[in-house]
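Everything numeric here is computed off the predicted structure, so don't read it as measured data.
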Amino acid sequence: MEFLVLNIFKISIFSALFFTSISATAGTYGDDFGKCLVKSSSDQDKQELMEWIFASISLNPKLATYVSIPKEDRVKIDTHMAVLFNKLIGESCHKEAADALKYEGSGSFAVAFQLLGQVAGQQLFASPEVTKGSENFIKLVDLDALQKKLSDTKP
């Protein structure tokens, strides 16, 4: 059960971050669980969730050359994540989590955590620095060529 919940959590958080859909759909209990996760998470909790996602993704060998997170910082990030996970599942949203799992299965966990990840991600991307930085690539795009290609395409 522990392994299942942890894997569902990781998959749903990464899915939420990249706004990819997962095959699970939530019913009433999963919706209630997701709402509880969001309501029970402070801005600091959401920040720590985004730090954990960032640190986890940075372990990908194709990205590791761009980011160096010291081991002691990774331990701190993982510890914060464990505390948050314990708080949300074991305390704040225990009833909602148990009901969702009992009546709707493990897919409801994925959908609930996807909602939390989306809300946390919105805060991350709301930073003016992130918004400005994410728009830098557009200066390098050949907009005239794209517009021509798109207008040449017949329906």
Side-chain angles (χ1 to χ4, degrees), residues 1-64 66-67 69-138 141 146 150 155:
M1 174 71 167
E2 178 181 319
F3 180 73
L4 174 67
V5 171
L6 181 58
N7 280 334
I8 290 170
F9 174 74
K10 289 193 310 190
I11 291 167
S12 58
I13 292 300
F14 288 131
S15 295
L17 180 64
F18 295 106
F19 307 108
T20 58
S21 62
I22 50 181
S23 60
T25 57
T28 302
Y29 295 101
D31 287 343
D32 289 346
F33 180 33
K35 290 174 188 173
C36 183
L37 292 174
V38 171
K39 180 182 77 178
S40 301
S41 300
S42 67
D43 286 345
Q44 181 64 35
D45 292 336
K46 293 174 186 116
Q47 173 66 34
E48 290 172 357
L49 173 62
M50 288 294 98
E51 290 172 5
W52 177 80
I53 291 170
F54 179 81
S56 297
I57 292 171
S58 74
L59 292 170
N60 182 302
K62 293 183 180 182
L63 302 176
Y66 300 108
V67 179
I69 300 174
K71 184 177 180 176
E72 57 273 4
D73 289 342
R74 286 190 183 279
V75 169
K76 182 178 159 184
I77 290 167
D78 287 341
T79 301
H80 288 157
M81 196 66 245
V83 169
L84 176 59
F85 195 75
N86 283 329
K87 178 185 94 166
L88 292 174
I89 303 298
E91 298 171 23
S92 305
C93 302
H94 173 74
K95 181 183 181 335
E96 292 84 353
D99 287 347
L101 191 59
K102 179 178 179 181
Y103 297 113
E104 296 174 358
S106 60
S108 63
F109 262 57
V111 173
F113 276 103
Q114 184 179 29
L115 176 62
L116 176 59
Q118 286 174 336
V119 170
Q122 288 170 353
Q123 287 181 332
L124 177 73
F125 286 101
S127 162
E129 296 85 358
V130 173
T131 301
K132 185 177 179 184
S134 68
E135 295 169 352
N136 284 338
F137 83 95
I138 202 72
V141 173
L146 288 178
L150 291 173

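Taking all atoms of both residues into account, the shortest heavy-atom contact from Met50 to Gly117 is CE-O, 4.0 Å. Here the shortest heavy-atom pairing between Leu101 and Ser108 reads N-OG, 4.0 Å.
Atoms OG and CG, from Ser56 and Leu63 in turn, are 12.0 Å apart once rounded to the nearest 0.5 Å. Separation of atoms CZ (Phe54) and CD1 (Ile69) is listed at 5.5 Å; rounding is to 0.5 Å. Expressed to the nearest 0.5 Å, how far NZ of Lys62 lies from CD1 of Ile57 amounts to 14.5 Å. Within the model, atoms NZ of Lys71 and CG of Asp78 stand 11.0 Å from one another, a figure rounded to the nearest 0.5 Å. In this structure, OH in Tyr66 is found 11.0 Å from CG in Asn60, a value given to the nearest 0.5 Å. Taking CD1 of Ile77 as the start and CD1 of Ile53 as the end, the distance is 11.5 Å to the nearest 0.5 Å.
For Gln123 (side chain) and Gln47 (main-chain N/O), no donor-acceptor pair under 3.5 Å exists by modelled atom type. In this structure, the side chain of Lys87 does not engage the main chain of Ser92 through any donor-acceptor pair within 3.5 Å. Between the side chain of Glu96 and the backbone N or O of Cys36 there is no donor-acceptor pair closer than 3.5 Å.
Arg74 is listed as a side-chain neighbour of Leu59, based on a closest heavy-atom distance under 4.5 Å. Looking at Leu115 and Val38, their side chains come closer than 4.5 Å, going by heavy atoms from C-beta outward. Counting only heavy atoms from C-beta outward, the side chains of Leu88 and Asp45 never approach each other to under 4.5 Å. At a threshold of 4.5 Å between non-hydrogen side-chain atoms, the residues Ser41 and Leu49 do not count as touching. Considering only heavy atoms from C-beta on, Leu146 comes within 4.5 Å of Val141 through its side chain. No side-chain heavy atom of Asp99 sits less than 4.5 Å from a side-chain heavy atom of Phe33. Side-chain contact between Trp52 and Leu84 is absent, with no heavy-atom pair separated by less than 4.5 Å.
Between the side chains of Gln44 and Ser42, no donor N or O sits under 3.5 Å from an acceptor N or O.
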Next on the checklist: Set out, in order, the CA-CA distance, both residues' side-chain angles and the distance that settles side-chain contact (heavy atoms from CB on, under 4.5 Å) for Tyr103 and Thr28, then state yes or no.
Outcome noted: CA-CA 9 Å; Tyr103 297 113; Thr28 302; over 6 Å; no

